[in-house]
Trainee: 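Quick one: structure below, then a few questions.
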Amino acid sequence: MKVWDLATRIYHWLQVLLFMLLVLSGFKGTGPHEPLGILLFTLIVWRLLWGVVGSESSRFGSFIKGPKTVIKYFTGRYQQKPGHNPAGGWMAITMIAALFIQCITGITMAGLISPLDNILTTEHLNTVSKIHDAGARLLIAMVAIHVGAIIIYKIKAQPLVKAMFSGIQQQLSNTQSLYFVSMVRAVLVLIVSGALTTSLLLLG
């Protein structure tokens, strides 16, 4: 059955692409690292908004579960539902949060928000730099765990990558239904996200 809308799938693969480019440009110290970071920040803002006004399976309320539900999932007592499983949901929100923090620290280090120049001392900026550096390594570790989980699910005949391309989870029946919103709304949310990013940078 259809689980992921087109907007969410485009977001996912753009995030993958931008993350890879940012890792390469960041560790090599060359390339358009700052513009790529701003693009990723805009994308993350879009995802945060989409988690509230997007399609049902993309909304945070549909996949952020409590500890009891997570325990049920790991003990095999959780009934499979469309979208993220309880563990995958927490991995997704953790990844989004980590990327958001990484973007904020990067923008701060780049001096793109001038009012902060009057607040942050050299010591503060050194701390931000250390957080940004540690965050990059943490995100790489998180991605490695994510890839490992994908491989495990593939072995269990649950092709997560294919589902994120097609939007369809084959192991689910079509008797279940989800609410999807239009691409028009996705584009409007993207425009708002771009405006918010621009407003933040214009503070400088």
Trainee: Just to verify, what does Tyr153 make a ring pair (Phe, Tyr, Trp, His ring centres under 6.0 Å) with, not counting sequence neighbours?
Mentor: none

Trainee: How many angstroms lie between atom CE of Met183 and atom CG of Asp5, to the nearest 0.5 angstrom?
Mentor: 8.0 Å

Trainee: My understanding is that only residues two or more places apart in sequence, or in another chain, count here; which of them pass ring pair (Phe, Tyr, Trp, His ring centres under 6.0 Å) with Trp13?
Mentor: Phe165

Trainee: Should Ile140 and Val147 be counted in the same cluster of Ile, Leu, Val, Met, Phe, Trp and Tyr side chains packed under 4.5 Å apart?
Mentor: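 In one cluster: yes.
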
Trainee: Can you hop from Tyr78 to Ile71 via hydrophobic side chains spaced under 4.5 Å?
Mentor: no

Trainee: Trp4: what forms a ring pair (Phe, Tyr, Trp, His ring centres under 6.0 Å) with it, not counting sequence neighbours?
Mentor: His84

Trainee: Taking transitive links into account, so neighbours of neighbours count too, which hydrophobic residues share a cluster with Ile131 at under 4.5 Å side-chain distance?
Mentor: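 None; Ile131 is a cluster of one.
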
Trainee: Which residue pairs pass the side chain to side chain donor-acceptor pair (under 3.5 Å) test when at least one of the two sits in residues 180-197, sequence neighbours left out?
Mentor: Thr42-Thr197

Trainee: Which pairs would a plain distance check flag for residues 23-30, meaning a side-chain donor or acceptor within less than 3.5 Å of a matching protein atom at least two apart in sequence or in another chain?
Mentor:
unit_1, atom_1, unit_2, atom_2, d
Ser25, OG, Leu21, O, 2.9
Ser25, OG, Leu22, O, 3.3
Ser25, OG, His33, ND1, 2.7

Trainee: Do other residues, nucleotides or ligands put more than 12 heavy atoms under 6.0 Å from the NE2 atom of His146?
Mentor: no

Trainee: Sequence neighbours left out, what passes ring pair (Phe, Tyr, Trp, His ring centres under 6.0 Å) with Phe74? Give chain and number order.
Mentor: none

Trainee: Return the CZ to CE distance between Arg47 and Met95, rounded to the nearest 0.5 Å.
Mentor: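 If I round to the nearest 0.5 Å, the distance is 13.0 Å.
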
Trainee: Would you say Leu36 and Phe19 make side-chain contact, with heavy atoms under 4.5 Å?
Mentor: no

Trainee: Does NZ or CZ of Lys2 lie under 6.0 Å from the centre of the six-membered ring of Phe180, at an angle within 45° of the ring axis?
Mentor: yes

Trainee: Tell me whether Ser129 contacts the main-chain N or O of Leu125 through its side chain, where contact means a donor paired with an acceptor under 3.5 Å.
Mentor: no

Trainee: Atom NZ of Lys156 and atom CD1 of Ile152: how far apart are they, to the nearest 0.5 Å?
Mentor: 7.0 Å

Trainee: Is it true that Trp50 and Tyr11 have ring centroids separated by less than 6.0 Å?
Mentor: no

Trainee: Of the non-hydrogen atoms in Met1 and Pro82, which two are nearest, and what is the gap between them?
Mentor: SD-CG, 3.8 Å

Trainee: To the nearest 0.5 Å, what is the distance between CG on Leu17 and CG on Leu14?
Mentor: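 Leu17 atom CG to Leu14 atom CG measures 7.0 Å (nearest 0.5 Å).
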
Trainee: With Arg137, which residues qualify under salt bridge (Lys or Arg N to Asp or Glu O under 4.0 Å), at least two apart?
Mentor: Asp133

Trainee: Indicate if Val181 and Val189 have the same hydrophobic cluster label, given that clusters are the connected sets of ILVMFWY residues with side-chain heavy-atom separations under 4.5 angstrom.
Mentor: yes

Trainee: Identify the two heavy atoms, one from Ala186 and one from Ala7, that lie closest to each other, and give their separation to 0.1 Å.
Mentor: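 In this case the closest contact between Ala186 and Ala7 is CB-CB, 3.5 Å.
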
Trainee: Residues in side chain to side chain contact (heavy atoms under 4.5 Å, CB included) with Glu56, at least two apart?
Mentor: Leu178, Tyr179

Trainee: Working to the nearest 0.5 Å, report the span between OG1 of Thr8 and CZ of Arg59.
Mentor: 11.0 Å

Trainee: So how far is it from Ile38 CD1 to Leu18 CG, rounded to the nearest 0.5 Å?
Mentor: 12.0 Å

Trainee: Is there any ring-ring contact (aromatic ring centres under 6.0 Å, His included) pair reaching into residues 120-143, and which pairs are they, with sequence neighbours excluded?
Mentor: none

Trainee: Tell me if the CE atom of Met20 is crowded by more than 12 foreign heavy atoms within 6.0 Å.
Mentor: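 Counting neighbours around CE of Met20, 12 or fewer heavy atoms of other residues, nucleotides or ligands fall under 6.0 Å, so no.
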
Trainee: If hydrophobic clusters are built from ILVMFWY residues whose side chains come within less than 4.5 Å, do Ile96 and Ile10 share one?
Mentor: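 In one cluster with Ile96: Ile10, yes.
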
Trainee: If you look only at pairs with a residue in residues 159-168, which of them pass as a side chain to side chain donor-acceptor pair (under 3.5 Å), with sequence neighbours excluded?
Mentor: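 Pairs touching residues 159-168 that pass the test: none.
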
Trainee: Nearest heavy-atom pair of Lys81 and Gln169: which atoms, and what distance?
Mentor: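 Distance-wise, the nearest heavy atoms are O-OE1, 4.4 Å.
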
Trainee: Phe60 vs Phe63 aromatic rings, parallel, tilted or perpendicular, using cut-offs 30° and 60°?
Mentor: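 Perpendicular.
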
Trainee: Is Met109 isolated, or which residues cluster with it under the ILVMFWY side-chain rule of less than 4.5 Å, directly or via members?
Mentor: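 Direct or chained contacts put Met109 with Val128.
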
Trainee: Would Val184 end up clustered with Trp46 when hydrophobic side chains under 4.5 Å apart are linked, directly or stepwise?
Mentor: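 They do not share one cluster, since no chain of ILVMFWY contacts under 4.5 Å joins Val184 to Trp46.
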
